[in-house]
**Student:** 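Supplied in structure tokens, the structure appears directly below.
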Amino acid sequence: MRCPQTVLLLLGTLSCWHPSSAQGEKYPTATDIRWSSINLKTILDWSPKPTNYTYTVLIRGKYFKDWKKKCIFTTDTTCDVSDLMKDPKDTYDVRIVSEIRSPDGIEESPYAEGPSFTPYEETIIGKPVIRNFTLNKELNTLTVLIRDTPTPYRFSNNTPKTVRDFFPNDFTYTLFYRKASSTGKKQQSSDTNEIVIKTDKGEDYCFYVQASVPSRKVNRMSQNSDELCTSSDAGAASGFFPSTAVLCLSVLILLSWLL
């Protein structure tokens with residue numbers, strides 16, 4: 001009888017079987033790959049949630065031909081790829097590889113490709129923030145200072161790059177304002193983060209700011225900032241971030257404890 005030899009042959013074949021080669025193409029590739037980017041902070045999302053495998057994200061730009069890895073062997077379905085996209089004018093391709101950890105690392109894993117993405121054209125300009133304002137009732141002017149929004153990137157001296165740094169000749173702030181007693185709006189734009197308007201004597205004003213990239217065909221405008229209004233106190237009225245008020249209050253409380 002040859003049955004024992006057949007059994008031994010079958011056992012020998014099974015001993016050479018490797019889980020990764022058996023699963024091969026069976027574990028799913030990523031679907032619904034989506035870019036989301038606000039102020040050049042760029043995130044990838046996809047589906048489905050992995051079970052017995054992991055994902056690795058690959059990014060490649062037109063200016064660097066090699067695929068760069070990010071979120072290696074992750075079980076998440078989201079990945080911050082901002083640090084691989086330092087040139088916002090480049091166009092980036094993405095692959096999301098489905099893989100299991102293999103001791104030999106020889107097996108080629110399946111992957112899915114997502115849409116290309118150009119940050120300069122597609123990142124959303126976030127909601128601007130008014131740093132402070134001054135209503136000078138003697139000079140009849142309202143000066144509004146807007147905070148330039150930081151990005152994930154930094155200069156060589158480690159100071160943060162702002163959104164306006166990436167759009168040096170293509171970035172505008174627009175101030176929309178009205179008299180506090182009226183609903184009629186006016187507007188004034190500036191290429192800097194300071195806007196000064198003439199005001200009518202004795203009037204208070206309400207206003208908000210919007211940022212824009214004029215050259216764009218889509219996503220040109222940001223959301224509106226919060227609307228602020230000047231006070232009715234005589235002389236110069238000023239408004240500041242809540243954090244400044246909190247800091248001043250903290251100092252006063254500390255001094256009261258020390259005295």
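The figures here come from the full heavy-atom set of this structure, side chains too, leaving out hydrogens, waters and symmetry mates.
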**Student:** Measuring from atom CG of L40 to atom CD1 of I38, what distance do you get when rounded to the nearest 0.5 angstrom?
**Tutor:**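 So the CG of L40 and the CD1 of I38 are separated by 11.0 Å.
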**Student:** Any sub-3.5 Å donor-acceptor pair from T172's side-chain atoms to D191's backbone N or O?
**Tutor:**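 Flag not set: sc T172 to bb D191 has no pair under 3.5 Å.
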**Student:** CZ of R220 to CG of D170: how many Å apart, nearest 0.5 Å?
**Tutor:**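 The distance works out to 9.0 Å.
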**Student:** Knowing that exactly one of F133, Y177, F176 qualifies, which makes a ring pair (Phe, Tyr, Trp, His ring centres under 6.0 Å) with F207?
**Tutor:** F133
**Student:** Are the side chains of I59 and W67 in touch, meaning some heavy atoms are under 4.5 Å apart?
**Tutor:** no
**Student:** Is any side-chain heavy atom of M85 closer than 4.5 Å to a side-chain heavy atom of D90?
**Tutor:**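 No. Closest side-chain heavy atoms not under 4.5 Å.
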**Student:** Are the side chains of K68 and Y92 in touch, meaning some heavy atoms are under 4.5 Å apart?
**Tutor:** no
**Student:** If you measure from the Lys or Arg side-chain nitrogens to the Asp or Glu carboxylate oxygens, is any gap between R34 and D32 under 4.0 Å?
**Tutor:**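 Answer for the salt bridge query: yes.
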**Student:** Counting only N and O atoms by type, is there a donor-acceptor contact under 3.5 Å from the side chain of T151 to the main-chain atoms of K161?
**Tutor:** yes
**Student:** Do Y120 and F167 have their ring centres less than 6.0 Å from each other?
**Tutor:** yes
**Student:** Do the two ring centres, one from W46 and one from Y55, sit under 6.0 Å apart?
**Tutor:** yes
**Student:** Of the options T123, I43, V94, T118, which is the one that meets W35 in a side chain to side chain contact (heavy atoms under 4.5 Å, CB included)?
**Tutor:** V94
**Student:** Does Q223, at its CD atom, have more than 12 non-hydrogen atoms belonging to other residues, nucleotides or ligands within less than 6.0 Å?
**Tutor:** no
**Student:** Report yes if the side chains of T143 and N136 come closer than 4.5 Å at any heavy-atom pair, otherwise no.
**Tutor:** no
**Student:** With rounding to the nearest 0.5 angstrom, report the OG to CD distance, S37 to E121.
**Tutor:**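 Rounded to the nearest 0.5 Å, the OG-CD separation comes to 12.5 Å.
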**Student:** A side-chain contact here means heavy atoms from C-beta on lying under 4.5 Å apart; do R95 and I33 qualify?
**Tutor:**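 No, every pair of side-chain atoms sits at 4.5 Å or beyond.
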**Student:** If you count every heavy atom of other residues, nucleotides or ligands that lies below 6.0 Å from D200 atom CG, does the total exceed 12?
**Tutor:**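 Result for CG/D200: enclosed.
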**Student:** Report yes if some heavy atom in the side chain of T29 is under 4.5 Å from a heavy atom in the side chain of Y111; otherwise report no.
**Tutor:**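 A side-chain contact under 4.5 Å is absent here.
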